[in-house]
Each structure stands twice: as C-alpha cells, then as structure tokens.
Amino acid sequence: MTSKFTYQCSDCGKLIPAGEIVYLCPDCSAKQSPDQPPLGVLKVIYDYRTLSELSFRELEENNFLHLLPVNDRKSFPNLRVGQTPLYKINSINGQSNDFELYLKDDSQNPSFSFKDRASAVVSAFAKENGIDTIVAASTGNAGSSLAGMCAAQGQKAVIFVPSTAPKAKLTQIMMYGATLVPVAGNYDKAFDLSIEATKRFGWYNRNTAFNPFTIEGKKTVSFELYSQLKEQIPDYVFVPVGDGVIISGVYKGFEDLLELGIIEKMPIIIAVQAARSSNLVDNIGKEEFVSTPSNTIADSISVDIPRNFHMAAGYITKYHGQTITVSDDDILTASSILAKNTGIFTEPAAAAAFAGFLDYKNRYLIPKASTNVVLLTGSGLKDLNAVQSLFEIPLPVSPDMHSVEQFLNGKI
Ligand SMILES: *Cc1c(COP(=O)(O)O)cnc(C)c1O
C-alpha cells in the first residue's frame, strides 16, 4: 500500500518513504555531535498537488485526516482533543484594544495542555499500527498528556521525567496509570534514557521532535485558528517556545495551507522564550550552537538543548518570524494580568506568550486593527508553586460577622 505521506529530512532534504517507523534521518543523525541540537528531524509531507482540489471546508469536514498520518477518525482517543476555544478580548486593565486580540485556550485539552494534540496523533498512529506501549521523556506536560491519551485508548505509557517536575504533573501521570520513571537528572538526561529504553525494549517513542508526528499533531492548532477566524489568517501569533516543536507545528499547519493554495501568505509568528531559557532564539543565525544552562520558573519551556532547534530556526528565518525574551518577573506579572482580566489561569510557560504580547503592546508594536493570537498552552493548576510569590492566602477569620467586617475593611 502506498502511504499518503512521505518523510523529508528538515536538514538535508532527503525523502524517506513512510512504511516502517522512522524517527530521524539516518544520514544526518549519524553526524550528530554531543551537546548539540538533534540533526535530521523529519518533516511529514503530503501529496499537496492532489489535495489542492479539496476546499478548506472539505478538509475540515474530514477532520483534516488528509493532512494527518492517521486513516480513521475512530483511531483517536474518545476525548475532545483540540477544538479549544478562541476568546476575543476587548480590553486589558480597563483600556480598550485598538487591535483584535484572541486567546487560544489550549489549557482546555483533556490533560490541560497543548501537548494532547501531539499525543493524540501518536496514540492514534500506534493504534492503527498494532503498537501497545508508548514511551516519552518530558518535563511534565508531554508525559502527563501521553499518559492520559494512553489511558483513554487502553495503551501502556512509560514516562521519563526529571524528578523535579511539578507535583501536579507527576500526579497526573500516576493517576492515568502510566509507569512513571523519575530521573535524578535534567530533561536532557531523561530524554536520552528514554531513547535507550525504546531501543532496549522495542517500544514506540513519542519524544518531542524525535517522533515526527508530534509536529503533525501540533499543527492542527493552525487549521483551527484559520477556521475560527472565518477563513482568515491572523497577522501575529505569539507562541511560547522551549524545544521549538509547538512553533514548528504552528508554522507547519499554515505551511500546509499555503502548499494547498488555501492561504497566500504566512502570519508573522513571534517566538517567545524566557530570558532564563533562551537557547533557541539566542542561537538563530549563529555559526555554532552554544547552550546556556536554563533556570526559569516556566518549567515547560526550560530547555538547554532545543530538540527542534534547526527546524524552528529554519521556519523563523524563512517566514520572517520575530523573537523576544521575557523575564521571570514579566511572566509572573503577565500571568496575573491574564487571570484577572480574562478568567484564564495559565501555567508560567503559557503566561510567557502573553508576557511577550504585552511587551509588544507596551512598545506600540501591535498595529491598529491587526489580528493577534496568543497561544495559551497549559493550565495554571499544573504548577501552583510558581505563582506563590504573587500573594499570600489570608489567615483564617473567626466565624463571626464582626471579624468578617474587620477583615474586609479596606479590601473591597
Ligand atoms: C511544551 C510546552 C511549551 C513549549 O513547546 P515546545 O514545543 O517545547 O517549544 C509551551 N507551553 C507549555 C505549557 C508546554 O507544555
């Protein structure tokens, strides 16, 4: 059977037929040096010429299966993955916007993060190919997401995480019934171990950027944005960046639409990193990749060696994307502004994207009447510790009205 897709190496451009499971381009990954971003990440390409006969509506009615490595809708977990709300926000801190601001709330996914988009596609592919054990290394969200999707599908999940991952994420992994392997080391160590274990035990691996379908799953957000904006592309999309897979997915989704002739140009995508973990944006265009140890409160985007550096940097360069870094203080402030103005409480990594947006707004870089989207990638309940410095939970009040009056004095 011929497959509906082909792999293409994002570094050397070589085409690799779909069929057996491939992760990286064998030629490029053989040239890998230690402590450098992976070479040979594969891009999945489709028969765009034939598919261009279909309208966006037709693609959407078929759940975009023409553009995914999955054949049957029923192979997906029976949970609502993606199809997240896009909220229009008219004002911030009492000041009306003279542009359009939309928040894409991906904390509304089943495991409360954007990662479900990738895990669902990987899990569906596994189901169609008779695979029952999937392994992932994760800073927390990818692991809790895969654990949840596998629970919904009756598959086994083995999750490698740094033992310092936030407790809520570890708890999710345990509750979904996955095998949790906390590693006394950082994410990079967990990543390498998970790949060794994949080889040793013959499992299927979902690691971000290592498994090319993670990018395919993440691209679905762009199809949804195009649909929710009534078949228009936004002018700007603010994306939080760690390994660079979400941003590559956002680009890939719009690029698929470009290849199909559905859209004529790409939106401007703004890569937002934490200043204390900016290895992706700092190395774009550099001769040699140099990693600085990361230590931001935004654990989901705290990455020393971005796993999809080359593809993300390539997209940002090709499509004139922009980059910005935000301090941990800015992230916390943005998190609070977001929660108080919109009722959406996100984890720091997602608040980073909003901090990037606020910085653009404060520097008058958002053109009047432009359409802006901020991707909110994870729920605030996943990391309660991160925001503890913002407030103190009040001491208990004696259960009488007088004490309540005293307590409220000056507060409301
Ligand atoms: C994983 C993650 C990101 C960053 O995605 P990358 O693909 O690593 O760049 C951002 N926000 C949240 C909540 C995440 O879980």
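Numbering of ligands and ligand atoms starts at 1, following listing order.
Cation-pi geometry between Lys219 and Phe223 is not met at under 6.0 angstrom from the ring centre and within 45 degrees of the axis.
For Gly378, no nitrogen or oxygen atom sits less than 3.5 Å from a nitrogen or oxygen atom of ligand 1, counting backbone and side chain alike.
A heavy-atom separation below 4.0 Å is found between Ile301 and ligand 1. Between Ser113 and ligand 1 there is no heavy-atom distance shorter than 4.0 Å. Within the structure, the closest approach of Thr208 to ligand 1 does not fall below 4.0 Å when heavy atoms are considered. Using a non-hydrogen distance threshold of 4.0 Å, Arg307 does not register as a contact of ligand 1.
For the 3.5 Å distance criterion, the side chains of Lys127 and Gln153 qualify, holding a donor opposite an acceptor. In summary, the side chains of Asp106 and Thr84 do present a donor paired with an acceptor at a separation below 3.5 Å, with no hydrogens or angles considered.
Looking at Glu347 and Lys169, a side-chain N of the basic residue comes within less than 4.0 Å of a carboxylate O on the acidic one, giving a salt bridge. Ion pair Asp47/Lys4 not flagged as a salt bridge, since none of the NZ, NE, NH1 or NH2 atoms sits closer than 4.0 Å to an Asp/Glu carboxylate oxygen.
Closest protein heavy atom to atom 11 (N) of ligand 1: Thr377 OG1, 2.7 Å. With hydrogens left out, the protein atom closest to atom 1 (C) of ligand 1 is Lys115 NZ, 1.3 Å, a heavy atom.
Heavy atoms of Ile246 found under 4.0 angstrom from ligand 1 belong to the backbone as well as the side chain. For Asp243, heavy-atom contacts with ligand 1 shorter than 4.0 Å involve the backbone as well as the side chain.
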